[in-house]
Amino acid sequence: MNTKLFWRNILWAVVIFILCSIPGDDLPNTPLISIPHFDKLVHFGMFFIMGIFLFAELSIQTKLKRIYNAVIILLLIAFYGGLIEYLQQNYFVHRSGDYLDLFADILGGVFAIIMYPWLKKQKDLLLNRKPFNKISFFKKIL
């Protein structure tokens, strides 16, 4: 079992939880955040990364077909995204749950599933090129 990938997923889930639990009043007020629906892009990006991390782990840890990995990933992302939205609506200070945020979470997972094979191929091609093929550090962290 490759525990590095397991802990990377746990750490990323904690990062998402912390970012989504920051009180609304404590969020910085910058022009970038003033962009309409910027929070949907943030949700999409966070769960896109989560989907990539989950796909990498499931591909290595299990012998399941790609479609089963995709279903598991979408269920995990939908559950975790729904849990975050529920907590934002009911427990987090100055935050509100939003179905569009949940939709952005799931859409990020869908795009991760679609993009994972291509991204993995690009990563492998990059790591097999000079000078990266001589540096084992990159292969261990990626």
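A distance of 3.5 Å separates NE2 in His43 from CG in Asp101, rounded to the nearest 0.5 Å. Note that the CG atom of Leu74 and the CG atom of Leu54 stand 10.0 Å from one another [nearest 0.5 Å]. Considering CG of Leu102 and OH of Tyr99, their distance stands at 8.5 Å, rounded to 0.5 Å. Leu100 CG to Asp39 CG: the interatomic distance, rounded to the nearest 0.5 Å, is 9.0 Å. Atom CD in Gln122 sits 9.0 Å away from atom CE in Met115 (nearest 0.5 Å). We find the CD1-CG distance between Ile84 and Asp105 to be 8.5 Å, quoted to the nearest 0.5 Å.
Cluster membership check: Phe38 shares its hydrophobic cluster with Ile49, using side-chain heavy-atom separations under 4.5 Å among Ile, Leu, Val, Met, Phe, Trp and Tyr. Hydrophobic clustering places Ile16 together with Leu19 (ILVMFWY residues linked when any side-chain heavy atoms are closer than 4.5 Å, directly or through intermediates). Tyr68 and Ile77 fall within the same hydrophobic cluster, defined by Ile, Leu, Val, Met, Phe, Trp and Tyr side-chain heavy atoms under 4.5 Å apart, directly or through other members. No continuous path of ILVMFWY side-chain contacts below 4.5 Å connects Phe47 to Val71, so the two sit in separate hydrophobic clusters. Residue Phe79 is not grouped with residue Val15 when hydrophobic side chains (ILVMFWY) are merged at heavy-atom distances under 4.5 angstrom, including chains of intermediate members.
Other residues, nucleotides and ligands place more than 12 heavy atoms under 6.0 Å from the CG atom of Leu125. The environment of CZ in Phe111 is sparse: at most 12 heavy-atom neighbours from other residues, nucleotides or ligands sit within 6.0 Å. Atom NZ of Lys40 has more than 12 neighbouring heavy atoms from other residues, nucleotides or ligands inside a 6.0 Å radius.
Judged by distance alone, the side chain of Arg95 and the main-chain N or O of Gln89 form no donor-acceptor pair under 3.5 Å. The main-chain N or O of Gly97 is never found under 3.5 Å from a side-chain atom of Tyr86 such that the two would form a donor-acceptor pair. A donor-acceptor pair under 3.5 Å links the side-chain atoms of Ser21 to the main chain of Ile18, judged by distance alone. When atom types are taken as modelled, the side chain of Glu85 and the backbone of Asp98 share a donor-acceptor pair closer than 3.5 angstrom.
For the pair Met50 and Tyr80, the minimum side-chain heavy-atom distance is below 4.5 Å. With a 4.5 Å cut-off on side-chain heavy atoms, Phe6 and Gln61 do not count as touching. When side chains are defined from C-beta on, Ile113 does not count as touching Asn69, because their heavy atoms never get closer than 4.5 Å. Side-chain contact check for Lys121 versus Trp118: every heavy-atom pair is 4.5 Å or farther apart.
In this structure, Phe17 has its ring center closer than 6.0 angstrom to the ring center of Phe92.
Shortest non-hydrogen contact noted between Ile72 and Leu58 is CG2-CD1, 3.8 Å. The heavy-atom pair separating Arg66 from Pro117 by the smallest distance is NH1-CG, 3.7 Å.
Between Phe53 and Trp12, the ring-plane angle classifies as perpendicular under the 30° and 60° cut-offs.
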